[in-house]
Participant: 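The structure that follows is given in the form of structure tokens.
Below, chains carry the letters A, B, ... as their sequence lines are ordered, and counting in each starts from 1. Quick note: numbers below take in every heavy atom, side chains included, and nothing from hydrogens, waters or symmetry partners.
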Number of protein chains: 4
Amino acid sequence: MTNTEIISSVKDERLIEKRRKQMIQGAITLFKKKGFHKTTTREIAKESGFSIGTLYEYIRTKEDVLFLVVDAIYGEVQSRLTTMVNLEEPSLEHLMTIIESYFRVVDDMQEEIIIMYQEVKSLKKPTQEYVLQKERDMVDMLKRVILTCAPNVHKEDADLLANNIFVQGHMWGFRRWALQKQFTLEDYIKRQLTYIKSVITHL
Amino acid sequence: MTNTEIISSVKDERLIEKRRKQMIQGAITLFKKKGFHKTTTREIAKESGFSIGTLYEYIRTKEDVLFLVVDAIYGEVQSRLTTMVNLEEPSLEHLMTIIESYFRVVDDMQEEIIIMYQEVKSLKKPTQEYVLQKERDMVDMLKRVILTCAPNVHKEDADLLANNIFVQGHMWGFRRWALQKQFTLEDYIKRQLTYIKSVITHL
Amino acid sequence: MTNTEIISSVKDERLIEKRRKQMIQGAITLFKKKGFHKTTTREIAKESGFSIGTLYEYIRTKEDVLFLVVDAIYGEVQSRLTTMVNLEEPSLEHLMTIIESYFRVVDDMQEEIIIMYQEVKSLKKPTQEYVLQKERDMVDMLKRVILTCAPNVHKEDADLLANNIFVQGHMWGFRRWALQKQFTLEDYIKRQLTYIKSVITHL
Amino acid sequence: MTNTEIISSVKDERLIEKRRKQMIQGAITLFKKKGFHKTTTREIAKESGFSIGTLYEYIRTKEDVLFLVVDAIYGEVQSRLTTMVNLEEPSLEHLMTIIESYFRVVDDMQEEIIIMYQEVKSLKKPTQEYVLQKERDMVDMLKRVILTCAPNVHKEDADLLANNIFVQGHMWGFRRWALQKQFTLEDYIKRQLTYIKSVITHL
DNA sequence: GATGAATGAGCATTCATTCAT
DNA sequence: GATGAATGAATGCTCATTCAT
């Protein structure tokens, strides 16, 4: 399953990409405000700048839009994450830098990530599977970085810590009403990094 | 806002409570399977064991059901959490015991908690506020326990750690497809407790 | 497959029957004018005297309406046909009387029969099968009457003649623009009976 | 109304004819399978081997396609019928031969004829009129052959018999699920001819 | 002449909510 | 208090037709 498995009746690949970008943009805007279910296809079309008929030239069902959105969001997170993970010299400091970058990325994409938490289960099983695989990939990436930078950490711990870090990133977003009143992003990052470093050091 | 603010046209308080219990039970069953939006009021009525007309004698709108459910779930978590937090002798060990109990509670209520993550934003603002307050209370409770059992911890750290623990509990549920394949609940708890203890000890 | 296999969400059997009668009546009126495809469900609801929502309390899909209509029409033809076929004294004359009655029945239901010719293939295969079976039953009935009243006729001829008669009845309706300008019903019947008698006599 | 009254924005007559042939061919294929209403213009274009835009260069509305198809079908039947009706020596035998040929033609065009039965009423009134006229012409042709070959037959009987024969031909197609299981074409023709001859002889 | 992307009116169907019994 | 039939606004989706390239 990939982006291109969503069937479009339009042939011009370039145009498909362009229109879908508009669509994803428009849909994200709306999903942030009202969620997937309360957003109508007409609203998506309008927000995307074209008619309902045109919308359906590029997708088959409303769920396709959700998939496109979810795919785009994780694609973005993943690509940003990937670029920062080319380890020059593995070291605890380097690990900390990467985690920090990760926290900054998810801060930047807070609302998109909240969409993921709320809407993924609205996708059909196979599509959900595809999305979860993407998550797994990201956590795996973190895990590998941990193992490389802190070779003393056991595999299982690396795994669980990667999950913890992954979720602590999201948490900054989905608990922002609690956290962002008390902490600045800098502060949040500093403290979480301290805890993580402490854990890893004393394992 | 409280449970009793949902207006019912029925007078008999005892009956209201009975019917609502049925309703909440039925709704939770359905929400677990299909989510709030894909569950119809008819289905809720049927699952609850009465007619659609009767359902509407005890609520005003479909959203009321969601509120009742959400309220019941957090009420349950909170009450279970509260009973275990009567500190006899504050100590790090005692803290660990409490956190462990918390993890067991949320393990027990995994699916209910997933409902919370997915559906809370479907509530209207004031209702959301009410729910978030309940969350705040719970995190506060954890925070106070931390401060009592580990007096050396700074307030801010206690706060953030309480949030971390709170979410790590939920995470066991909402990332179960990733975690529960690799870890048993025992294992999960043991490791997370180790990390937490390590952090607190070295702060 | 029978009338009762169309699922209704209403429980009161008496009411179902009443509403469906209204519905069939309304639908037939519209199908005569515009055919099945050009008739909207809203029009059917309106013509039947209730709202679109109510319509859907008594059927599942638009095709159900068509089935109900088709079933009702053939049910009517068949029942009228059946009542006239209790052979007292088998004789050629008696056969002629029965055929005459048949011609009068289909004259009376011309437009309904035209609906059958045009819309049956819009039904799904199993439903079509059910309808064709009803046709087979009717032709069989005619065949048996022929064999009883004209024992010298071979089975195969009885079969084909029954089909001929069956279709000649319909033809009076679906070719009315050609036939009914030139012949009165009396005349039409008289001539066709003459031909049939002639054929049977000389077989 | 004739074929050429369907307005095309293309000038080249040769091209128009070529494209329309493709179109009719494609449309018939589809109408056989799904009927007129369930066939989309896009499908017709595709099946015809050109784009939807091109389709609309050669017709004005979807109904035009139906007209073209209906016109082509009756044109074909009529032309085939006409070629076989140049009476050398009028005789009852000759009449039988012609009727036999007619039965063979309609056997060959069964499915096309079924389209006629089902879709003609979807045409607008004037177009229907045009089609019915073609039918009238064909029946008239049969009538004239009858009168020529069997001069003793009264006009009215010739008329009705022509109608009977005309419909008995179609019936072989539209009741094929009943007839073609029991009779071969040869058998069907033989028996029907026997009946007809019998009727004509004893009138 | 050919193409196919764009359009939006139109349709079947659903479902929260009401209210007479 | 309980029931369930009735309602109709709302929604996802289709498809004939147009028109710029």
Participant: Take the protein atom CG of D:Asp64 and the nucleotide atom P of F:dA16, then report the distance between them rounded to whole Å.
Facilitator: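 Atom-to-atom, D:Asp64 to F:dA16, this comes out as 13 Å.
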
Participant: Between residues 53-62 of chain B and DNA chain E, which residues have a heavy-atom gap below 4.0 Å?
Facilitator: B:Tyr56, B:Thr61, B:Lys62

Participant: So, does A:Thr127 use its side chain to make a donor-acceptor pair with the main chain of A:Leu123 at under 3.5 Å?
Facilitator: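 Side chain of A:Thr127 to backbone of A:Leu123, a donor-acceptor pair under 3.5 Å: no, none is there.
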
Participant: Restricting to side chain to side chain contact (heavy atoms under 4.5 Å, CB included), what partner residues turn up for D:Ser9, sequence neighbours left out?
Facilitator: D:Glu57

Participant: Inspect the contact between A:Lys18 and A:Asp12 and indicate whether a charged nitrogen and a carboxylate oxygen are less than 4.0 angstrom apart.
Facilitator: no

Participant: Mind listing the residues from residues 43-50 of chain C sitting with a heavy atom below 4.0 Å of DNA chain E? Number order is fine.
Facilitator: none

Participant: Starting at the 5' end of DNA chain E and moving along, which residue's nearest nucleotide shows up first, D:Ile52 or A:Arg42?
Facilitator: D:Ile52

Participant: Tell me, please, which residues at least two apart from A:Arg60 pass salt bridge (charged side-chain N to carboxylate O under 4.0 Å, His left out).
Facilitator: none

Participant: With the threshold set at under 4.0 Å for non-hydrogen atoms, list the residues of residues 28-38 of chain D touching DNA chain F in residue-number order.
Facilitator: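 When residues 28-38 of chain D is checked for heavy atoms under 4.0 Å from DNA chain F, there are no hits whatsoever.
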
Participant: So, the side chain of D:Ser48 versus the backbone of D:Ile44: is there a donor-acceptor pair under 3.5 Å, distance only?
Facilitator: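 Yes, the answer is positive, given that a donor and an acceptor are paired below the 3.5 Å cut-off.
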
Participant: What is the first contacted nucleotide of DNA chain E and what is the last, in 5' to 3' order, if contact means an atom lying under 4.0 angstrom from a heavy atom of chain D?
Facilitator: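 Reading along DNA chain E, I get E:dG1 to E:dA6.
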
Participant: Give a yes or no on whether the backbone of D:Phe50 and the side-chain of D:Thr54 come within a donor-acceptor separation of less than 3.5 Å.
Facilitator: no

Participant: Classify the nucleic acid contact of C:Ser8 as base, sugar-phosphate or nothing, counting any heavy atom under 4.0 Å across all strands shown.
Facilitator: nothing

Participant: With sequence neighbours excluded, tell me which residues meet salt bridge (charged side-chain N to carboxylate O under 4.0 Å, His left out) with A:Lys124.
Facilitator: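 Applying salt bridge (charged side-chain N to carboxylate O under 4.0 Å, His left out) to A:Lys124 gives A:Glu63.
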
Participant: Check the pair A:Ile28, A:Ile73 against side-chain contact (heavy atoms from CB on, under 4.5 Å), reporting the backbone distance first and the verdict last.
Facilitator: CA-CA 9 Å; A:Ile28 288 180; A:Ile73 293 175; 4.1 Å; yes

Participant: Kindly compute the distance separating NZ (C:Lys134) from CD (C:Glu129), expressed to the nearest 0.5 Å.
Facilitator: 14.5 Å

Participant: Return the set of residues passing side chain to side chain contact (heavy atoms under 4.5 Å, CB included) with B:Glu47 (not counting sequence neighbours), or none when no residue passes.
Facilitator: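 Result, side chain to side chain contact (heavy atoms under 4.5 Å, CB included) vs B:Glu47: B:Thr29, B:Leu30.
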
Participant: Taking only residues two or more places apart in sequence, or in another chain, which ones meet C:Glu76 in a salt bridge (charged side-chain N to carboxylate O under 4.0 Å, His left out)?
Facilitator: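 Checked C:Glu76 against salt bridge (charged side-chain N to carboxylate O under 4.0 Å, His left out); matches are C:Arg80.
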
Participant: Would you indicate what B:Ser9 reaches in the nucleic acid, counting non-hydrogen atoms under 4.0 angstrom: base, sugar-phosphate, or nothing?
Facilitator: nothing

Participant: If each of A:Glu63 and C:Val10 is mapped to the nucleotide of DNA chain F with the nearest heavy atom, which maps nearer the 5' terminus, i.e. the 5' end?
Facilitator: C:Val10

Participant: Does the C:Glu17 side chain pair with the main chain of C:Arg14, one donor and one acceptor, at a distance under 3.5 Å?
Facilitator: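 Checking the backbone N and O of C:Arg14 against the side chain of C:Glu17, no donor-acceptor pair under 3.5 Å is found.
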
Participant: How is C:Thr41 classified with respect to the nucleic acid when contacts are heavy atoms under 4.0 Å: base, sugar-phosphate, or nothing?
Facilitator: base

Participant: Side chains of B:Asp64 and B:Tyr58 only: does a donor on one sit below 3.5 Å from an acceptor on the other?
Facilitator: no

Participant: Residues in side chain to side chain contact (heavy atoms under 4.5 Å, CB included) with A:Glu119, at least two apart?
Facilitator: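 Once residues adjacent in sequence are excluded, the partners of A:Glu119 under the side chain to side chain contact (heavy atoms under 4.5 Å, CB included) criterion are A:Phe36, A:His37, A:Leu66, A:Ile115, A:Ser122, B:Lys121.
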
Participant: Among all residues two or more places apart in sequence or in another chain, which pass the salt bridge (charged side-chain N to carboxylate O under 4.0 Å, His left out) test with A:Glu112?
Facilitator: A:Lys32

Participant: Examine distances only and state if a side-chain atom of D:Lys46 and a backbone atom of D:Ile52 form a donor-acceptor pair shorter than 3.5 Å.
Facilitator: no

Participant: Whenever both distances are under 3.5 Å in a Watson-Crick or G-U wobble pair, mark it; put DNA chain F into dot-bracket that way, with [ ] for crossing pairs and | when the partner is on another strand.
Facilitator: .||||||||||||||||||||

